[in-house]
Structures are given as structure tokens and as C-alpha cells.
> 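Mind having a look at this structure? Questions to follow.
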Amino acid sequence: MVRTRSQDAPDRPARDVRLAVETAVWAPSVHNTQPWAFAVSGSRISLRADADRRLAVADPAGREMLISCGAALFTLRIAIRALGFEPEVSVLPDPDRPHLLADVRLGARVSGDDQAPRLYDAVRRRRTHRGAFRAAEIRPSLPDALKLEAEQEGARLIRAVEEHTQQALAGLTQAAGHLQRLDPAYAAEEARWAPRPGSRRTDGVHETAYPGSPPHTHPDFPGRDFARGHGWGVHDGPETEGPPLVTGLVMLVTTPADTPRDWIRAGQALQRMLLRATVEEELAAAFHTQALEVPELREFIRARFCNGQYPQMLLRLGVPEGPELTTVRRPVDEVITWEPEPIPGT
Ligand SMILES: Cc1cc2nc3c(=O)[nH]c(=O)nc-3n(C[C@H](O)[C@H](O)[C@H](O)COP(=O)(O)O)c2cc1C
């Protein structure tokens with residue numbers, strides 16, 4: 001067995017750093033690609049994008065890859081804070097190394113932050129939902145609270161309240177799905193991240209992560225075809241007359257510009273509001289980013305529904321209903337490398 005530096009020297013910073021990374025990997029990522037790598041030197045963690053895991057067809061610019069890494073960055077910050085340190089973050093610290101997304105240091109000791117431990121506890125409870133939501137009451141002030149969370153990270157959360165806007169977004173999602181199915185390269189790429197049942201892979205969207213037959217709602221946002229037409233997925237017991245099911249709150253995460261820095265911001269804002277929604281009311285999100293991968297449809301959504309801001313994520317939020325879903329992650333030793341600490345004065 002390869003002994004990691006942390007096992008050889010389980011000193012406090014190494015243990016804290018490892019714990020923080022172990023938490024960060026539970027961030028959401030497009031197709032569960034987990035497109036990140038963490039290089040540790042002393043109490044500094046460098047977050048890098050792992051470009052081999054970018055979706056070359058669906059995400060040629062790496063926008064969704066950086067949103068995913070941004071979500072991991074926010075999770076890292078929360079973990080560091082919950083461990084009792086101020087996270088000192090420098091985003092895109094080196095223009096010559098565009099894949100180096102952030103340097104994060106465990107800074108001064110902090111105490112008395114009761115938000116961070118609650119958000120930290122929610123990291124592993126948060127799950128992507130794929131299906132309808134229960135028609136439960138959501139506290140009316142929650143959407144505004146979530147908007148504030150997104151704004152704290154320099155992004156915006158726009159809620160589509162009008163039924164016609166929701167219908168239009170659902171229709172665009174459906175159109176995107178059809179266009180993508182016409183493209184064999186796109187379909188092949190999606191299939192590569194949808195392992196067969198029983199696969200031991202620790203990435204991708206497994207059949208345990210989506211329902212076998214998701215109920216329809218009105219408006220109806222189609223999911224991605226991770227089952228590849230095989231009927232895979234978690235099947236609930238026999239259909240019974242249950243409570244009415246709903247679409248949930250329909251929301252767009254947007255940014256003022258569309259640079260890598262904005263994508264990282266959008267990811268941090270996304271994870272911040274998802275964790276807050278988990279903590280406050282155990283809400284879960286269903287993502288529908290298909291239309292944002294088709295440039296013409298993304299531009300249409302930007303111009304019509306985002307006040308000129310750039311749409312980064314389209315999601316629904318609500319109280320999950322249906323079978324228990326589970327997801328996987330790569331072991332932390334696959335994503336972490338331990339680098340020697342620089343010798344002072346050299
Ligand atoms: C940028 C981005 C785009 C995503 N798009 C979709 C999507 O269109 N459909 C979907 O079902 N899940 C989508 N997801 C959710 C991921 O599939 C999910 O985070 C991943 O499978 C890990 O599962 P977990 O969130 O339950 O931990 C997206 C996530 C991110 C960060």
C-alpha cells in the first residue's frame with residue numbers, strides 16, 4: 001500500500017487539510033465528473049481543474065467544469081471554517097496557469113461562527129434530486145434568503161415565478177434534449193458518464209441516482225437520459241394514490257459576465273444556496289442544464305429571462321419525493337497530492 005504523507009505524519013494541519021478535501025469532493029459536478037484535483041503544501045490547498053474530465057462535446061469552454069469546481073471551492077471554504085480556521089482564498093492566482101483555479105490557506109483561528117458547522121453538516125445530506133417534488137409549503141421568505149446567499153458570492157438567483165416563463169424554460173429544456181439526441185457525439189459522451197447497473201466506477205451518474213419512472217409535473221422539465229433507454233433507475237413500489245406532486249421553485253443562477261472567474265463564482269453561489277436550502281428546509285435541487293449547453297438557446301434564455309445577465313444554471317428546488325437515491329465519489333487519495341512545503345527563504 002502506498003503510504004500517504006498524512007498517514008506518515010498525521011499532524012494537525014495535514015489532518016485538517018485532508019478532512020477539508022474529503023468534504024469538498026461532495027460538491028455537485030456536471031455528470032458527476034468530479035473534475036478537480038487538490039495539491040497540498042503545508043496548510044495551502046491548490047484547487048486545479050482536471051481538464052481530462054471536461055465534457056469535450058457538451059462543455060467545450062469548460063464552463064460547467066468550472067461551475068463544478070466553484071462548488072467544490074465553496075465546500076472547501078465551509079469545511080475550513082467549520083474546522084475553526086479563516087479560509088484565505090485567492091481565485092485564479094496565476095494568469096499563466098489557467099487550470100489553477102484557487103489557492104486556499106488555512107488562515108487565522110476563528111470561533112463563534114455557528115453558520116459554518118450547520119452548512120458543513122449539510123454537505124453530505126445534499127443530493128441531486130431527479131423527479132417531482134412534494135406539494136409542501138416552503139417558507140415564503142426562503143427564496144429571498146437564497147437570493148442573498150447567491151449575491152454574497154457575486155452571482156444572482158432569478159426565480160421564474162410566472163407559469164408561462166416556467167413553461168418556456170421547460171420547453172427549451174425539452175428542445176435542447178431533442179437537439180442533443182440528434183448529435184451522436186453528444187449522446188456518446190453522455191453515455192460514457194452513465195455507467196451500467198452494477199458498475200464499480202466511483203464517478204458518473206449511476207442507476208441508483210435517478211428514479212426508474214419519474215412522475216410528470218406541470219410544467220414538466222425533462223431529465224437527462226442517463227438510463228439510455230434501458231429502463232435503469234430506482235423503481236418505487238407499486239403505484240399508489242399519493243399526494244399531489246409539483247415542479248417546485250424554478251430558478252436560474254446568473255452572473256454579470258461570462259468569464260472563467262464568473263463560472264467559479266456561479267459554482268460557489270450555487271453550492272452556497274443549495275446548502276442553505278438543505279439546512280433551512282431539507283430542500284433538494286433538480287438541475288436541467290441541457291438548454292445552457294446549446295449556444296443559441298442559452299443566448300435566448302439570457303436575453304429573455306435573465307435581464308441580460310448570463311445564465312449559468314437552471315434548477316428546480318423543492319421537498320424531494322420518491323425513492324431514496326444515492327451517489328458516489330472517488331476516494332480522496334485519487335484527487336489529493338501532497339507536495340513538499342517550500343523551505344523559507346528559498
Ligand atoms: C454544472 C452542473 C450541471 C449539472 N447538470 C445536470 C443536469 O442537467 N441534469 C442532472 O440530472 N443533474 C445535473 N447536475 C447534477 C450532477 O449530475 C450531480 O451533482 C452529480 O451526479 C453528483 O451527484 P450529487 O449532486 O447527488 O452529489 C449538474 C451539476 C452541475 C454542477
Side-chain angles (χ1 to χ4, degrees), residues 23-36 49 53-55 58-59 61-75 122-132 155 169-170 172-174 176-177 180 186 189-190 192-195 201-211 214 221-228 232-234 248 251-255 260 262-275 277-278 283-294 297-298 310-317 320 322-330:
T23 310
V25 300
W26 287 93
S29 63
V30 63
H31 292 5
N32 202 14
T33 46
Q34 304 167 50
W36 42 62
R53 292 178 164 266
R54 180 175 55 87
L55 304 176
D59 186 30
R63 186 181 63 83
E64 291 183 280
M65 175 175 75
L66 262 56
I67 293 175
S68 307
C69 289
L73 175 58
F74 181 76
T75 320
V123 168
R124 289 180 194 223
R125 286 206 313 281
R126 184 210 58 79
R127 280 276 173 294
T128 295
H129 183 69
R130 297 187 176 89
L169 291 169
L172 291 164
T173 306
Q174 197 168 31
Q180 287 163 338
Y186 184 94
E189 181 177 78
E190 194 168 81
R192 271 204 299 283
W193 292 99
R201 270 174 61 177
T202 52
D203 55 11
V205 182
H206 288 246
E207 87 286 2
T208 55
Y210 51 87
F221 281 78
R224 298 196 186 244
D225 185 22
F226 293 118
R228 303 197 244 151
W232 299 338
V234 181
M251 298 177 141
L252 284 151
V253 176
T254 67
T255 49
D262 291 288
W263 303 337
I264 297 170
R265 247 183 221 138
Q268 295 194 83
L270 174 74
Q271 179 70 334
R272 183 165 175 157
M273 68 79 124
L274 291 177
L275 293 179
T278 308
L283 301 187
F287 304 95
H288 300 275
T289 54
Q290 299 95 315
L292 305 182
E293 292 168 353
V294 180
L297 298 184
R298 183 168 182 238
Y310 290 84
Q312 305 295 355
M313 293 294 290
L314 171 55
L315 57 104
R316 297 178 295 117
L317 206 60
E324 179 87 5
L325 304 174
T326 58
T327 182
V328 295
R329 289 298 187 274
R330 289 188 288 159

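Read the numbers this way: they start at 1 and go in the same order the structure lists the ligands and their atoms.
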> What's the shortest distance from atom 14 (N) of ligand 1 to any protein heavy atom, and which residue and atom give it?
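The answer is Phe287 CD1, 3.6 Å.
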> Checking Thr173 against Gln290: is there a side-chain donor and acceptor pair closer than 3.5 Å?
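No, because no side-chain N or O of Gln290 sits under 3.5 Å from a partner of the opposite role on Thr173.
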> Do we see a donor-acceptor contact under 3.5 Å between the side chains of Thr208 and Thr326?
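Side-chain D/A pair, Thr208 to Thr326: present.
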> Do any heavy atoms of Met313 fall under 4.0 Å from ligand 1?
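Right, Met313 reaches ligand 1.
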> Looking at ligand 1, is there an atom of it that comes within less than 4.0 Å of some heavy atom belonging to Ala209?
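The answer is no, since Ala209 has no heavy atom less than 4.0 Å from ligand 1.
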> Between Thr289, Leu314, Thr327, flag the one that comes closest to atom 3 (C) of ligand 1 by a heavy atom.
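Considering heavy atoms of Thr289, Leu314, Thr327, the nearest to atom 3 (C) of ligand 1 sits in Thr289.
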> With a cut-off of 4.0 Å, which atoms of ligand 1 are near a heavy atom of Ser29?
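Counting from 1, the qualifying ligand atoms are 16 (C), 17 (O), 18 (C), 19 (O), 20 (C), 29 (C), 30 (C), 31 (C).
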> Which ligand 1 atoms, with their elements, are less than 4.0 angstrom from a heavy-atom of His31?
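The atoms of ligand 1 under 4.0 Å from a heavy atom of His31 are 17 (O).
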> Looking at ligand 1, does any of its N/O atoms fall within less than 3.5 Å of an N/O of Ser68?
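Between Ser68 and ligand 1, no N or O pair is found under 3.5 Å apart.
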> What atoms of ligand 1 come within less than 4.0 Å of a heavy atom belonging to Phe226?
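Matching atoms, with element in brackets: 11 (O).
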> Which is closest to atom 12 (N) of ligand 1 by heavy-atom distance: Arg130, Glu64, Gln271?
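Looking at heavy atoms only, the winner is Arg130.
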> Taking atom types as modelled, find out whether Arg329 and Thr327 have a side-chain donor-acceptor pair closer than 3.5 angstrom.
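Their side chains do contain a donor-acceptor pair, which is all the 3.5 Å distance test asks for.
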> Heavy-atom contacts under 4.0 Å between Thr128 and ligand 1: side chain, backbone, both, or neither?
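Looking at Thr128 and ligand 1, atoms from backbone and side chain both fall under 4.0 Å.
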> Mind listing the closest non-hydrogen atom pair of Val123 and Leu275 along with its distance?
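Here Val123 and Leu275 meet closest at CA-CD2, 3.7 Å.
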> What protein heavy atom is closest to atom 30 (C) of ligand 1, reported as residue, atom name and distance in Å?
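Protein heavy atom with the smallest distance to atom 30 (C) of ligand 1: Val30 N, 3.5 Å.
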> Checking Ser29 against Gln34: is there a side-chain donor and acceptor pair closer than 3.5 Å?
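No pair is found: no donor N or O on one side chain lies under 3.5 Å from an acceptor on the other.
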> With side-chain contact (heavy atoms from CB on, under 4.5 Å) as the criterion, how do Leu315 and Val253 come out once you've worked through the C-alpha distance, each side chain's angles and the decisive distance to 0.1 Å?
CA-CA 8 Å; Leu315 57 104; Val253 176; 4.1 Å; yes
> Could you check Arg53, Arg330, Arg192 and say which one makes a salt bridge (Lys or Arg N to Asp or Glu O under 4.0 Å) with Asp203?
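So, applying the salt bridge (Lys or Arg N to Asp or Glu O under 4.0 Å) to Asp203 and each of Arg53, Arg330, Arg192, only Arg53 qualifies.
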> Below 6.0 angstrom between ring centroids: does that apply to His31 and Phe226?
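Yes, the ring of His31 comes within the 6.0 Å limit of the ring of Phe226, centre to centre.
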> Measure Arg329 to ligand 1 on non-hydrogen atoms and call it side chain, backbone, both or neither using the 4.0 Å cut-off.
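Answer for Arg329: side chain.
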> Return a yes/no value for Pro28: is any of its N or O atoms, backbone included, closer than 3.5 angstrom to an N or O of ligand 1?
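No, no N or O pair falls under 3.5 Å.
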> Do Thr289 and Arg224 meet the criterion of a side-chain donor-acceptor pair at a distance under 3.5 Å?
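Yes.
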> Return the residue, atom name and 0.1 Å-rounded distance of the protein heavy atom closest to atom 7 (C) of ligand 1.
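Answer for atom 7 (C) of ligand 1: Arg224 NE, 3.2 Å.
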